[in-house]
Student: 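Structure incoming, see below.
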Amino acid sequence: MPELPEVETIRQDLRKKILHKKIKNLKLTQKARVNMNHLDFVKLIKNKEFEEIDRIGKIIIFVLPAKKFLLVHLKMTGQLIYERGRQIIGGGHSDNQMPSKLPDQFTRATFELVDGGKLYFNDMRRFGYLKIVDEKELNIEKAKYGIEPLQANFTLANFKKALQNRKTTIKAVLLNQKLIAGVGNIYADESCFLAEIRPSRRVDILSSTEIEKLYSAIKSVLKKAIEKRGTTFNHYRDSDGNTGNFIKYLKVYGRSGEKCKKCGNTLKKIKVAGRGTVYCPSCQK
DNA sequence: CCTTGTGTTCTCCG
DNA sequence: CCGGAGAACACAAG
């Protein structure tokens, strides 16, 4: 489940690896989810180079020449794995979900670069997609996203504005991409734990101290998660095919029924905003 | 039945 | 009766 830290890790790594490289060919399988017919899609990609690699929320943006943009959303199980020319990637860990050799049955698209390198888009569940847009459509897409937690516009004032007049739970706000971009289920729960606030609390009854704590918690959790190269719960891999290391630092997500690392009480799982939510009933108020 | 992210539809409230 | 907000539902597929 790639969220902001995972997508950002992939973006930063791919920038180092494939920036300004030219695409010789793109191979799409029948199961690839793209926003036009395959022939047209390939035509728009072929012989283009990656001018820049950006991100909005959980979407990776490959900037192509002539103001075209390739948007990639990994959704639940998507991976973007880069392989240098003629080299078989190691696969990182001995996890049976990680293929030792690509392409495999879950490879939906292969970008063949002129230097022999390959960029594979793998996606077991086929929820992820590739989409080519022009500048106008890119701006429409960008308008769907709120403040970016790691950028200059994520100020306390803007965060307060995002919560203003809302009559819903913290969890719903954190998951709402129109308000705050890139936070998903893992980092929403982790941020609430760090802020010592229950995800089910309504935002309109938070004190200003609590809002400040939550604001700092989001930044701190996401920053540390990027330092540790993201969370691999099951499918996430970086562009080398390696797992992320943040799972060791998770305090609540995926730990329902286990002991709170801070107070020792049992972590509880409930449903908030339609999503599984884990919290500590004694640490979080 | 579950999983998550997101788009759509429904419902409620002032 | 309306607009808007938020909740609920639908969908992707294994």
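Worth knowing before you read on, the calculation uses all heavy atoms, side chains too, and leaves out hydrogens, waters and symmetry mates. In what follows, chains are A, B, ... by sequence order, proteins preceding strands, each numbered from 1.
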Student: Is it true that, when you exclude Lys136(A) itself, more than 12 heavy atoms of the residues, nucleotides or ligands shown sit nearer than 6.0 Å to its NZ?
Tutor: no
Student: Please give, in whole Å, the distance from dG14(C) P to Phe127(A) CZ?
Tutor: 8 Å
Student: Which distance, rounded to the nearest 0.5 Å, do you find between the OG1 of Thr9(A) and the CG of Leu14(A)?
Tutor: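 So the OG1 of Thr9(A) and the CG of Leu14(A) are separated by 10.5 Å.
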Student: Send over the distance from Asp123(A) CG to dG5(B) P, rounded to a whole Å.
Tutor: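 For the pair Asp123(A) CG and dG5(B) P, the rounded distance is 14 Å.
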Student: Starting from P on dG7(B), measure out to OH on Tyr145(A) and report it in whole angstrom.
Tutor: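 Rounding to the nearest Å, OH of Tyr145(A) and P of dG7(B) are 6 Å apart.
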Student: Could you tell me whether the side chain of Arg166(A) has a donor or acceptor atom within less than 3.5 Å of a complementary atom in the base of dG6(C)?
Tutor: no
Student: Return whichever of Asn165(A) or Arg275(A) has its heavy-atom-nearest nucleotide of DNA chain C closer to the 5' end.
Tutor: Asn165(A)
Student: Rounding to an integer number of Å, can you tell me how far Arg125(A) CZ sits from dA10(C) P?
Tutor: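 Rounding to the nearest Å, CZ of Arg125(A) and P of dA10(C) are 19 Å apart.
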Student: Out of Lys268(A), Lys171(A), Lys269(A), Lys271(A), which residue meets the side chain to side chain donor-acceptor pair (under 3.5 Å) rule with Thr277(A)?
Tutor: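 The residue from Lys268(A), Lys171(A), Lys269(A), Lys271(A) that satisfies side chain to side chain donor-acceptor pair (under 3.5 Å) with Thr277(A) turns out to be Lys171(A).
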Student: Where each residue is assigned the nucleotide of DNA chain B containing its nearest heavy atom, which of Gln177(A) and Lys269(A) is assigned the position nearer the 5′ end?
Tutor: Lys269(A)
Student: Between Leu74(A) (CG) and dG5(B) (P), how many Å, whole number?
Tutor: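 It is 12 Å, rounded to the nearest whole Å.
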Student: Would you say Lys167(A) places a side-chain N or O within less than 4.0 Å of OP1 or OP2 belonging to dG4(C)?
Tutor: no
Student: Distance check: side-chain N/O of Lys271(A) vs OP1/OP2 of dT4(B), anything under 4.0 Å?
Tutor: no
Student: Would Tyr253(A) and Tyr187(A) count as a close aromatic pair, with their ring centres under 6.0 Å?
Tutor: no
Student: Among the nucleotides dT3(B), dA7(C), dT6(B), which one has an atom lying closest to any side-chain atom of Thr168(A)?
Tutor: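 Looking only at heavy atoms from C-beta outward on Thr168(A), the closest nucleotide is dA7(C).
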Student: Does a side-chain N or O from Arg126(A) land closer than 4.0 Å to OP1 or OP2 of dA13(C), or not?
Tutor: yes
Student: Return the value, rounded to whole Å, for the distance between atom CD1 of Ile140(A) and atom P of dG7(B).
Tutor: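 Value for this atom pair: 13 Å.
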Student: From dT6(B), dG7(B), dG6(C), pick the nucleotide closest to the side chain of Lys144(A)?
Tutor: dG7(B)
Student: Pick from Thr243(A), Asn245(A), Asp240(A), Asp238(A): which one makes a side chain to side chain donor-acceptor pair (under 3.5 Å) with Arg229(A)?
Tutor: Asp238(A)
Student: Expressed in angstrom and rounded to an integer, what is the separation of Ile270(A) atom CD1 from dC2(B) atom P?
Tutor: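 Nearest whole value for this atom pair: 16 Å.
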Student: Can you tell me how far the OG1 atom of Thr77(A) sits from the CG atom of Asn234(A), to the nearest 0.5 Å?
Tutor: 9.0 Å
Student: Over all strands shown, is Tyr236(A) touching base, sugar-phosphate only, or nothing at heavy-atom distances under 4.0 angstrom?
Tutor: nothing
Student: OP1 or OP2 of dG5(B) versus the side-chain N and O atoms of His73(A): is any pair under 4.0 Å?
Tutor: no
Student: When we call it a touch if two heavy atoms are under 4.0 Å apart, what does Lys178(A) touch: a base, just sugar-phosphate, or nothing?
Tutor: nothing
Student: I'd like to know if Arg33(A) reaches the base of dT6(B) with its side chain such that a donor and an acceptor end up less than 3.5 angstrom apart.
Tutor: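 Under the 3.5 Å cut-off, the side chain and the base do not form any donor-acceptor pair.
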Student: Need one value for Gly128(A): base, sugar-phosphate or nothing, where a base atom within 4.0 Å counts as base even if backbone is also close, heavy atoms only.
Tutor: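 Gly128(A): no heavy atom of the nucleic acid under 4.0 Å.
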Student: Quantified in whole Å, what is the P atom distance between nucleotide dC9(C) and nucleotide dC1(B)?
Tutor: 12 Å
Student: Using a cut-off of 4.0 Å on non-hydrogen atoms, how would the nucleic acid contact of Tyr129(A) be classed: base, sugar-phosphate, or nothing?
Tutor: nothing
Student: Starting from P on dT3(B), measure out to CG on Leu175(A) and report it in whole angstrom.
Tutor: 14 Å
Student: For dT4(B), does OP1 or OP2 lie under 4.0 Å from any side-chain N or O of Tyr253(A)?
Tutor: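 For Tyr253(A), the contact criterion (side-chain N or O under 4.0 Å from OP1 or OP2 of dT4(B)) is met.
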